[in-house]
There are 2 protein chains.
Amino acid sequence: MDAGSRREFERRKQASTGQLLLRAARLLNERAVGRVRDEGQPDLRPVHLALMPHLDMEGTRATVLAARMGITKQGVSQIVADLEQMGIVERRPDPGDGRARLVCFTRRGEASLLHGLGVLERLESELAVGVGETRMQRLRQGLVALLVELEKPA
Amino acid sequence: MDAGSRREFERRKQASTGQLLLRAARLLNERAVGRVRDEGQPDLRPVHLALMPHLDMEGTRATVLAARMGITKQGVSQIVADLEQMGIVERRPDPGDGRARLVCFTRRGEASLLHGLGVLERLESELAVGVGETRMQRLRQGLVALLVELEKPA
DNA sequence: CCCAGTTAGTAAAGTCACTTGACTATATCA
DNA sequence: TGATATAGTCAAGTGACTTTACTAACTGGG
């Protein structure tokens with residue numbers, strides 16, 4: 001390969017947006033989970049934290065959670081099983097449908113969620129200091145717009 | 001829980017930036033890999049695509065790749081083994097250091113990279129149509145700034 | 001009103017993208 | 001010339017899922 005096309009290669013080879021996204025996501029979630037753990041929930045893993053914001057206070061079905069999270073219902077089932085064992089959620093029969101069960105927070109789970117949300121808010125505002133409020137805001141907006149695009153089928 | 005704190009909960013419970021990042025990353029990479037596969041590299045997985053942009057044309061050590069990708073050298077070793085078997089990279093002894101080996105593209109690998117980069121560029125510019133050029137640009141800038149912040153230790 | 005077909009969920013095994021731990025071969029520095 | 005550090009590999013383990021296969025409950029058309 002000659003020097004010219006080598007330079008051309010290098011120019012185009014900067015990390016793709018996909019790689020940037022992945023790396024940022026990993027680092028951010030890692031840091032968030034690290035803090036929650038340090039503050040007294042040592043068994044909590046990223047997925048657990050990821051499910052919580054999708055839970056409605058009246059309880060939510062596994063299929064609905066799956067749709068909101070973009071994963072399979074079986075995946076949800078596993079995460080919920082963990083959270084149940086930790087005493088954070090419980091599964092109650094759905095009064096209107098005998099097949100379904102409503103996943104909802106226990107009393108302890110509500111406290112846990114509240115705490116987790118606090119950690120997240122603090123972490124993000126700390127990062128915003130370095131990144132800049134405006135840029136952080138725009139990053140979020142861009143993400144939301146991109147997700148809309150990506151969620152269109154095909 | 002009373003109605004007031006319930007509303008308060010719901011307001012704060014929007015998905016965190018971390019979740020948005022993760023979801024966008026997954027969807028975007030999935031789509032990119034899908035296309036590369038359709039266009040003739042059926043064994044290629046997201047990690048393989050992720051390593052390639054970090055490979056210099058003169059060859060790169062596994063430890064360097066690990067640092068660039070933010071994973072362990074053992075992780076790199078596995079990805080490289082896959083790529084080697086596909087005939088995309090090869091491992092050459094490092095002339096200056098008997099312990100080290102340089103991972104570099106084969107001739108076929110260069111063509112493969114070129115093709116992959118093309119797919120990525122097309123995909124991103126397609127998405128930019130829906131998202132908006134400016135917003136896409138700002139998204140990237142935000143990501144880069146956020147990564148700088150997240151890579152600061154602690 | 002009953003049975004075919006959908007829908008909610010669970011269970012088990014497999015996969016991908018890693019990490020941890022243990023080890024060998026080479027290099028460097030005191 | 002060791003003691004230690006560095007580059008890499010091998011094997012096993014883990015987290016976050018998916019796929020396949022199933023049961024139990026609901027629903028709608030004849």
Side-chain angles (χ1 to χ4, degrees), chain A residues 18-19 21-23 25-27 29-30 32-34 37 42-52 54 59-86 89-104, chain B residues 18-19 21-23 25-27 29-30 32-34 37 42-52 54 59-86 89-104:
Chain A
Q19 297 312 312
L21 284 168
L22 199 61
R23 193 148 168 57
R26 271 222 296 265
L27 287 170
N29 287 327
E30 212 168 89
V33 172
R37 272 213 267 252
D43 297 348
L44 211 80
R45 285 178 321 202
V47 256
H48 304 137
L49 217 51
L51 184 135
M52 294 199 209
H54 299 294
T60 314
R61 292 185 185 189
T63 29
V64 174
L65 289 173
R68 289 186 188 167
M69 297 176 72
I71 64 172
T72 61
K73 58 185 179 170
Q74 294 93 321
V76 169
S77 192
Q78 292 173 38
I79 301 169
V80 169
D82 287 353
L83 286 168
E84 194 166 31
Q85 207 168 348
M86 291 185 230
V89 303
E90 57 188 358
R91 281 186 260 217
R92 294 193 322 227
D94 184 330
D97 189 334
R99 298 165 299 178
R101 322 184 64 180
L102 295 173
V103 180
C104 42
Chain B
Q19 299 311 315
L21 284 168
L22 200 60
R23 191 146 169 61
R26 270 221 296 265
L27 287 170
N29 288 326
E30 211 167 89
V33 171
R37 273 212 267 249
D43 297 348
L44 211 80
R45 285 179 316 194
V47 257
H48 304 135
L49 217 50
L51 184 135
M52 293 199 209
H54 298 292
T60 314
R61 292 185 185 188
T63 31
V64 174
L65 288 173
R68 288 186 188 166
M69 298 176 71
I71 65 172
T72 61
K73 58 186 179 168
Q74 293 95 319
V76 169
S77 192
Q78 290 173 39
I79 302 168
V80 169
D82 287 353
L83 287 168
E84 194 166 31
Q85 206 167 352
M86 291 185 230
V89 305
E90 57 188 357
R91 281 185 260 218
R92 293 193 322 225
D94 184 330
D97 189 333
R99 297 165 300 179
R101 322 184 63 181
L102 294 173
V103 180
C104 42

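FYI, side chains are in, hydrogens and waters are out, and symmetry mates aren't considered; it's all heavy atoms of this structure. Since the structure is predicted, the reported quantities are computational estimates derived from the model, not experimental observations.
- For the pair A/R92 CZ and C/dA8 P, the interatomic distance rounds to 19 Å; values are reported in whole Å.
- When each of D/dA7, D/dT9, C/dA8 is scored by its nearest atom to the side-chain atoms of A/R61, the top-ranked nucleotide is C/dA8.
- Using a 4.5 Å heavy-atom cutoff, the side chains of B/L44 and B/V33 are not in contact.
- You'll find that the side chain of A/R101 is closest to C/dT10, out of C/dT10, C/dG21, D/dG8.
- Closest to the side chain of A/Q78, from the set D/dG8, C/dA8, D/dC17, is D/dC17.
- With DNA chain D read from its 5' end, the first of the two nearest nucleotides for A/Q74 and A/G98 is the one closest to A/Q74.
- The separation between B/L102 atom CG and D/dA7 atom P is 12 Å, rounded to whole Å.
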Output field dot_bracket for DNA chain C (Watson-Crick or G-U, both distances under 3.5 Å, | for other-strand pairs) contains ||||||||||||||||||||||||||||||
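- For A/S77, no side-chain nitrogen or oxygen approaches OP1 or OP2 of C/dA11 to under 4.0 Å.
- For B/L49 and C/dC18, the CG to P distance is 13 Å, given to the nearest whole Å.
- The side-chain heavy atoms of A/L102 and A/P95, taken from C-beta on, include a pair separated by under 4.5 Å.
- When each of D/dA5, D/dT9, C/dA17 is scored by its nearest atom to the side-chain atoms of B/P46, the top-ranked nucleotide is C/dA17.
- When the nucleotides C/dG21, D/dA7, C/dT10 are ranked by their closest atom to the side chain of A/K73, C/dT10 comes out on top.
- Atom CZ of A/R37 has more than 12 heavy atoms from other residues, nucleotides or ligands within 6.0 Å.
- The shortest distance between the side-chain N/O atoms of A/R99 and the OP1/OP2 oxygens of D/dT27 is not below 4.0 Å.
- Taking atom CG on B/L44 and atom P on C/dC16, their separation rounds to 12 Å, with Å as the unit.
- Put simply, CG on A/N29 is 16 Å from C1' on C/dC18, counting in whole angstrom units.
- In terms of position along DNA chain C, the nucleotide closest to A/R91 lies nearer the 5' end than the nucleotide closest to the other residue of the pair B/V76 and A/R91.
- You'll find the side chain of B/N29 reaches within 4.5 Å of the side chain of A/Q19, heavy atoms only.
- Each of D/dT9, C/dA13, C/dC18 was ranked by its minimum atom distance to the side chain of A/R26; first place goes to C/dC18.
- B/R23 places its CZ atom 15 Å from the C1' atom of D/dA16, with the value rounded to the nearest Å.
- Map A/R45 and A/D97 each onto its nearest nucleotide of DNA chain D; the residue landing nearer the 5' end is A/R45.
- The distance between atom CG of A/D82 and atom P of C/dT10, rounded to the nearest whole Å, is 13 Å.
- For the pair A/V76/A/R68, no side-chain contact is recorded, criterion being any heavy-atom separation below 4.5 Å from C-beta on.
- One finds the CG atom of A/L51 at 12.0 Å from the CD atom of A/Q78 (value rounded to the nearest 0.5 Å).
- A side chain to side chain donor-acceptor pair (under 3.5 Å) with B/D94 is found for one member of B/R101, B/R61, B/R99 and no other, namely B/R61.
- Computed from coordinates, the A/L22 CG to C/dC16 C1' distance equals 13 Å when rounded to whole Å.
- One distance of note links CG of B/D82 with CG of B/D43; it measures 9.0 Å at 0.5 Å rounding.
- Contact of the A/I79 side chain with the A/L65 side chain is not registered, since no non-hydrogen atoms from C-beta on lie closer than 4.5 Å.
- A/H48 contributes a side-chain N or O that, together with a main-chain N or O of A/R45, makes up a donor-acceptor pair within less than 3.5 Å.
- Of the residues in residues 65-72 of chain A, not one places a heavy atom less than 4.0 Å from an atom of DNA chain C.
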